[in-house]
Protein chains: 2
Amino acid sequence: MRKVSLYCGFFGQMMGALAMTRGMMNNVQINQQIFRESTVKSTRHPRAPTLEDVARNAGLSPMTVSRALNTPQLVRPKTVEKVMLAVRATGYIPNAMAGGLASRRSKLVAVVVPQINNNMFVDTIQALSDELARRGYHMLLCVAGYTEQTEAELVATLLSRRPDGVVLTGIHHTTELKKVILNAAVPVVEIWDLTPTPLDMLVGFSHERVGQATAQYLLRKGYRRPGLLWTSDSRAAQRKQGLCDVFASCISKGLPQVDVPLPASLALGRSGLSQLLGEGTFDVIVCSSDTLAQGAIMEAESRGMRVPQDLAVIGFGDLDFAASNRPTITTISVDRRAIGQQAASLLAERIEQQPCKAPIIDIGFHLVERESA
Amino acid sequence: MRKVSLYCGFFGQMMGALAMTRGMMNNVQINQQIFRESTVKSTRHPRAPTLEDVARNAGLSPMTVSRALNTPQLVRPKTVEKVMLAVRATGYIPNAMAGGLASRRSKLVAVVVPQINNNMFVDTIQALSDELARRGYHMLLCVAGYTEQTEAELVATLLSRRPDGVVLTGIHHTTELKKVILNAAVPVVEIWDLTPTPLDMLVGFSHERVGQATAQYLLRKGYRRPGLLWTSDSRAAQRKQGLCDVFASCISKGLPQVDVPLPASLALGRSGLSQLLGEGTFDVIVCSSDTLAQGAIMEAESRGMRVPQDLAVIGFGDLDFAASNRPTITTISVDRRAIGQQAASLLAERIEQQPCKAPIIDIGFHLVERESA
DNA sequence: TTGTATGCGTTATCAT
DNA sequence: ATGATAACGCATACAA
């Protein structure tokens, strides 16, 4: 299933070797002390075996061992064989800090998201992680909350790891962050948003157009008294902007709205609708996420209102429950996994100096008409 | 809100400095080229500024700069001042690979989970991330799926980063993994499970006892014809074991059961109940997660069955929607954030050689009686 | 309080 | 195809 398939360096080989020789593992001496004792200079702390230990064991130079592990095609097969034996005998595990220092490539990608426990982002993160792993990169994950300042602080600390690439959520950053990241000259992908002027590369979609499409659909369906159940992050704000722009052409007064804190939840959907219903009458509730929509639907039905006959509800995200909820939830579908997968691919290809594709990918979205609106 | 507060090294200071001088940032020269040109030996690649660049700029030795950044209390305040100015002038960002190589401490913690897009784990991961950040560690996150072999491969690659600590999900690992990790002599915390014999440290709870408690509760409430809606991961299997053990004392025949794949979803809850109802009659459906329970409830009600009068449903996890679902979902509550927070604390304290607390923390659980069962 | 010498474990580069 | 040497950027240990 999930396997490191493309990355054929040290671990690819060793895992193959381990798999083949698992039966004899008990006979193989894996003990650092043995090598410590045969070492000339004795250090206080017992060290992990190094290239030099492996080289000594194999009767080769450290450089040859390094090559056998990283670019085996440049080494005689017989020699590679000897090296692998020595690696297993010593229990050698490469030191990526030393390797990265020398090679100036860390095989590390830093990812900054506002939240992990947010149904919107987890799929993207998982896809990022999968694709990065497939390509031999590790993922440094940081949670920045929804403030630009926190993000800037985090990125500064992250850059000390000398990541080969950085993934940022959104397109709004402090000027310091931009300065620092441009100065570091590290490839960057911004995700989950769209702009003609990204820092570097971008994979996302237009939240404003999502809002517009939502409003157009609702108007077409005949809804004229919308109420908003909304969270306060900047991307939700953009969707609201698009929504209001379109509604404004048909509805004179501003849209009634209830704000809820992040993260969205079923409970907030329920309480939010309660509050909203106390402030007016509506024919449709537009929610900034499916989670809120599910809560709104539940609250409406608990009050004896039928959805969508008495009150329609529309969400955003097409989360997994939207298609099987009762009623099923009309929503905007976004390929969240694709965002992560494409972001990882863009970064990896840039890092590996492959011919650069379009640095701005609009992943798009589509409205899924279901029962709730 | 989320701030790096305890960790008072380089970035703590610099961010303070940046905050204070933000107004003048535009006037500050941050440009690597300038320093390249004043450097004696010219390298081909434009390098990021190093300690040496800062030292030269400040008229100090690199070692003093290093101290000013890492242990400012050992340096004269005036000198620290000079260093900070030079740091800002050069745009210096420490190289953690070089620092880690020299100090043998990476300030990195590797976290291995079966899935990210799983409502059970995200809260734990987020808490882990928060607590690690608070203590000045970065999180290397890897997704292993549910196979031990994949986990073993991942850990081998992760150890090449020389993490100061490792977090593993669960207590079942391949013998290779154990060998490798013990050989690396790296602190380990296993989470989300319980055993008297962890690899090293552990934060979790007994899934078997969860199953027992669930069964006892249901028997006490008078339910006698349970049906199981279950996923196939090993922790769910342990809960089932506990459940069956207790039910076995009262119910002679085995428990009817429908297995669903991971990750659990509302849709699987609905289809799973459909299947189950085709195979017998029940008074309660025991689900391996709240997500399945929510789906089962929805399916039952869509068939005109009232929950709990016609069919009771009990879940596991006390996910955020459980308390506000309609009906509210009776479930087992686990402090998922605490698992992450405690795991991070245990690791950090061990890494920093503080007096070792109990290395096995049973985080416990409690049954939350609500409407659904 | 500051500076010097040395080593951390690897890879780039050049030589053989 | 293999080896020798010199970085890589920093912190430890010790000296002043």
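Convention: sequence-line order gives letters A, B, ...; per-chain numbering from 1. We use all heavy atoms of the structure for the numbers below, so side chains are in, but hydrogens, waters and symmetry mates are not.
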Set of residues satisfying side chain to side chain contact (heavy atoms under 4.5 Å, CB included) with respect to A:Thr174, sequence neighbours excluded: A:Glu148, A:Gln149, A:Ala152, A:Glu176, A:Leu177
Short side-chain N/O contact to D:dG9 OP1/OP2 from A:Arg104, under 4.0 Å: yes
Rounded distance in Å - CZ (B:Arg56) to C1' (D:dC10): 15 Å
Any A:Asn70 side-chain N or O less than 4.0 Å from OP1/OP2 of C:dT11: yes
Under 4.0 angstrom between B:Thr79 side-chain N/O and C:dT2 OP1 or OP2: yes
Protein-nucleotide distance (A:Tyr92, atom OH; C:dG9, atom P), rounded to Å: 10 Å
Length of the CG-C1' vector between B:Leu51 and D:dC8, whole Å: 13 Å
Value in whole Å for how far the P atom of D:dA11 lies from CG of B:Asn95: 10 Å
Any A:Arg47 side-chain nitrogen or oxygen under 4.0 Å from OP1 or OP2 of C:dG9: yes
Rounded distance in Å - CG (A:Leu101) to C1' (D:dA7): 9 Å
Heavy atoms from other residues, nucleotides or ligands near CD of B:Gln353 exceed 12 (cutoff 6.0 Å): no
Between B:Thr147 and B:Thr150, a side-chain donor and acceptor under 3.5 Å: yes
No-hydrogen, no-angle side-chain donor-acceptor test under 3.5 Å, A:Gln341 and A:Ser345: yes
Interatomic distance, B:Ile93 CD1 vs D:dC10 C1' [rounded to whole Å]: 16 Å
Results of side chain to side chain donor-acceptor pair (under 3.5 Å) for A:Ser103 - residues two or more places apart only: none
Phosphate OP1/OP2 of D:dG3 contacted by A:Ser61 side-chain N/O (<4.0 Å): yes
A:Leu159, A:Asp200, A:Leu347 screened by side-chain contact (heavy atoms from CB on, under 4.5 Å) with A:Val166, the one that passes: A:Leu159
Closest nucleotide among C:dA12, C:dG7, D:dG3 to the A:Thr64 side chain: D:dG3
Phosphate-side-chain proximity, A:Arg67 and D:dA1, N/O vs OP1/OP2 below 4.0 Å: no
Pairwise side-chain contact, A:Arg135 with A:Glu349, heavy-atom cut-off 4.5 Å (strictly under): yes
Phosphate OP1/OP2 of C:dT11: any A:Ser66 side-chain N/O under 4.0 Å: yes
Gap between atoms CD and P, on A:Gln73 and D:dT2 respectively (whole Å): 13 Å
Overall bend - the helix from C:dT1-D:dA16 to C:dT16-D:dA1, comparing terminal axes fitted on five pairs, nearest 10 degrees: 30°
d(CG, A:Asp53; P, C:dC8) in whole Å: 11 Å
Earlier contact from the 5' end, DNA chain C, for B:Pro62 and B:Ala98: B:Pro62
Distance test, side-chain N/O of B:Ser103 to OP1/OP2 of D:dT12, below 4.0 Å: no
Nucleotide of C:dG3, D:dG3, C:dC8 approaching A:Met63 most closely (side-chain heavy atoms): D:dG3
Side-chain H-bond candidate by donor/acceptor type, B:Thr157 with B:Ser160, under 3.5 Å: no
